[in-house]
Amino acid sequence: MAERVTATITIPPADRPNKPDPHGGQPTKPLGQDVVAAAHYSFPSGTYVVQVPKDQIYRVPPAHNAQIAELHKNHHTQTSKRSGYCRCFLCIFLLLIIVLIVIGITVGISILTAKPKNPEFRLHRFTVRNSTGSLGYDYDIRMEAYDPDGKTGVVYNEGGVASLHFKGSTQSEIARGKYPSVQQGEKDTHLVSTVLKGSSSQLPEQMKNSFKAEKKKKIHVSFVLNISVQVRMKFGFFKEEEKDIDVACNFTVDTLAQGTRVLSQSCQTTGHGQ
C-alpha cells in the first residue's frame with residue numbers, strides 16, 4: 001500500500017460571488033472555484049482531512065539546491081575573512097604611520113631645542129725655529145679640532161687671531177699670528193696648522209736657557225696659547241648658530257731645542273653667543 005500524506009482542506013459556502021472582469025467581460029472565477037463548487041454539491045461546507053498518496057506530490061526541492069545554499073554560505077564566510085584581514089592590515093598601517101609621526105615630531109623638537117657644544121682642541125705639535133731673514137723665532141703650532149658630540153659642523157670664519165704667552169712668575173706675550181679659516185665636518189677631527197712669529201729680544205731667561213740646553217739637561221718651559229675666532233655652527237638639517245669662541249691651552253714642553261715634545265696640556269673652549 002502506498003504511503004499517504006495527510007492534508008486539511010476547507011470548503012467555503014457556495015454562494016460566494018464571482019469577481020467582475022475589469023475589462024467588461026464575463027465575471028472571472030477564483031482559481032479552483034470549479035473544484036470547490038463541485039465539492040459543495042457533494043459535501044456540505046466545512047473542514048475535511050484528506051489523505052493523498054505520497055508518490056503524487058511533485059513539488060519536491062531539487063537536490064542541488066542544498067549545494068547552492070552551501071556555496072552561498074562558504075562565499076559569505078570567505079568574504080567575511082577577507083574583510084577581517086583588510087581591517088587588520090589597515091589598523092597596522094595606521095599604527096605605523098602614527099609611530100613614524102611621533103618619532104619625527106620628537107626628533108624635530110630635540111633638534112630645535114638642543115644646544116650644540118663648542119668645538120674642543122688639543123695640541124698636536126709644537127716646534128720652534130729661527131725665522132728666515134729676521135732675528136726672531138717662528139713657533140709652528142699644529143692643533144686638533146674636533147666636535148665633542150659628533151653632530152655639529154663648524155666653519156671657522158676669517159679674522160681669527162692666536163697669541164702665545166710664556167707662563168712663568170709673570171705671563172708675557174712672545175708671539176702672535178692668525179688663526180686660519182677652515183671648515184670642519186660632523187664627526188671629523190681637523191688638523192689646523194698656524195705659524196706665530198715672535199721677536200728674539202726680551203725673551204725670558206728660562207726660554208733662552210732651554211734653547212741652549214743639551215739633550216741630557218733639558219729645561220722644561222710652560223706656555224699659554226690663546227685663540228679667538230668667530231665660528232658658524234650647523235646642528236641638524238636647519239639649525240645654525242654663529243658665535244665667538246675663545247680657546248686657552250696651557251701646555252708644557254720638555255725643551256725648546258731640537259726634538260721638542262709636549263709633556264702635558266689642558267685646553268678649554270668658551271663660547272660667546274651673538
Side-chain angles (χ1 to χ4, degrees), residues 111-168 170-204 207 221-253 256 260 262 265-274:
I111 291 176
L112 293 176
T113 57
K115 187 175 182 61
K117 295 182 179 180
N118 295 322
E120 297 184 2
F121 296 82
R122 181 178 180 274
L123 185 63
H124 182 72
R125 185 183 66 191
F126 179 84
T127 56
V128 185
R129 62 178 184 269
N130 291 327
S131 179
T132 304
S134 66
L135 300 177
Y137 292 98
D138 289 343
Y139 299 86
D140 191 355
I141 299 174
R142 194 171 193 182
M143 304 284 295
E144 288 183 0
Y146 61 94
D147 174 26
D149 56 14
K151 300 177 182 179
T152 307
V154 183
V155 177
Y156 299 86
N157 297 334
E158 295 182 359
V161 294
S163 59
L164 183 65
H165 302 259
F166 170 76
K167 187 178 179 181
T170 59
Q171 185 171 307
S172 57
E173 182 179 309
I174 58 174
R176 175 172 287 270
K178 295 181 179 181
Y179 189 83
S181 175
V182 294
Q183 183 172 350
Q184 174 185 327
E186 300 176 5
K187 301 180 182 180
D188 287 347
T189 298
H190 199 82
L191 294 176
V192 184
S193 298
T194 183
V195 176
L196 308 183
K197 294 184 176 296
S199 175
S200 59
S201 61
Q202 298 181 350
L203 284 179
M207 290 186 62
V221 183
S222 297
F223 297 95
V224 177
L225 175 64
N226 292 326
I227 300 173
S228 295
V229 62
Q230 187 182 70
V231 297
R232 189 171 69 255
M233 308 177 69
K234 184 176 182 180
F235 186 79
F237 295 100
F238 307 105
K239 187 173 183 180
E240 286 193 6
E241 181 178 341
E242 195 170 76
K243 63 168 65 175
D244 294 325
I245 62 171
D246 294 327
V247 183
C249 288
N250 293 271
F251 64 97
T252 300
V253 296
L256 295 180
T260 303
V262 178
Q265 61 175 299
S266 175
C267 296
Q268 293 183 349
T269 304
T270 304
H272 309 281
Q274 294 292 311

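To the nearest 0.5 Å, the span separating CD1 on I227 from CE on M143 amounts to 4.5 Å. Between atom CG of residue L164 and atom OG of residue S172 there is a gap of 9.5 Å, rounded to the nearest 0.5 Å. Interatomic distance, CZ of F126 versus CG of L256, reported as 6.5 Å (0.5 Å rounding). Taking CG of L225 as the reference point, atom CG of L123 lies at 7.0 Å (rounded to 0.5 Å). To the nearest 0.5 Å, atom CG of residue N226 and atom CG of residue D246 are 8.0 Å apart. For the atom pair CD (Q183) and NZ (K234), the distance works out to 9.0 Å, reported to the nearest 0.5 Å.
The environment of CD in E173 is crowded: more than 12 heavy-atom neighbours from other residues, nucleotides or ligands sit within 6.0 Å.
Scanning for side chain to side chain contact (heavy atoms under 4.5 Å, CB included) contacts around E144 gives R122, H124, T189, L191, with sequence neighbours left out. Qualifying side chain to side chain contact (heavy atoms under 4.5 Å, CB included) partners for N250, counting only residues two or more places apart in sequence or in other chains: K167, V224. Every residue two or more places apart in sequence or in another chain that forms a side chain to side chain contact (heavy atoms under 4.5 Å, CB included) with H190 is listed here: V182, Q184, V192. Every residue two or more places apart in sequence or in another chain that forms a side chain to side chain donor-acceptor pair (under 3.5 Å) with S222 is listed here: T252. For R232, the side chain to side chain contact (heavy atoms under 4.5 Å, CB included) test picks out V155, N157, E240, E242, with sequence neighbours left out. In this structure, the ring pair (Phe, Tyr, Trp, His ring centres under 6.0 Å) partners of Y156, at least two apart in sequence or on a different chain, are Y179.
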Determine whether D138 and K197 satisfy the following criterion, side chain to side chain contact (heavy atoms under 4.5 Å, CB included), listing intermediate values before the conclusion.
CA-CA 5 Å; D138 289 343; K197 294 184 176 296; 3.2 Å; yes

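Two residues are said to be in side-chain contact when any heavy atoms from C-beta on lie closer than 4.5 Å; T194 and K178 fail this criterion. Within the 4.5 Å cutoff, the side chain of N118 has no heavy atoms near those of the T270 side chain.
The aromatic rings of F166 and F223 lie perpendicular to each other, with more than 60° between the two planes, well past the 30° mark.
The minimum heavy-atom distance linking L196 with A175 is given by the pair CB-CB, 3.8 Å.
The side-chain contact (heavy atoms from CB on, under 4.5 Å) test with P119 is passed by exactly one of V247, D147, I245: I245.
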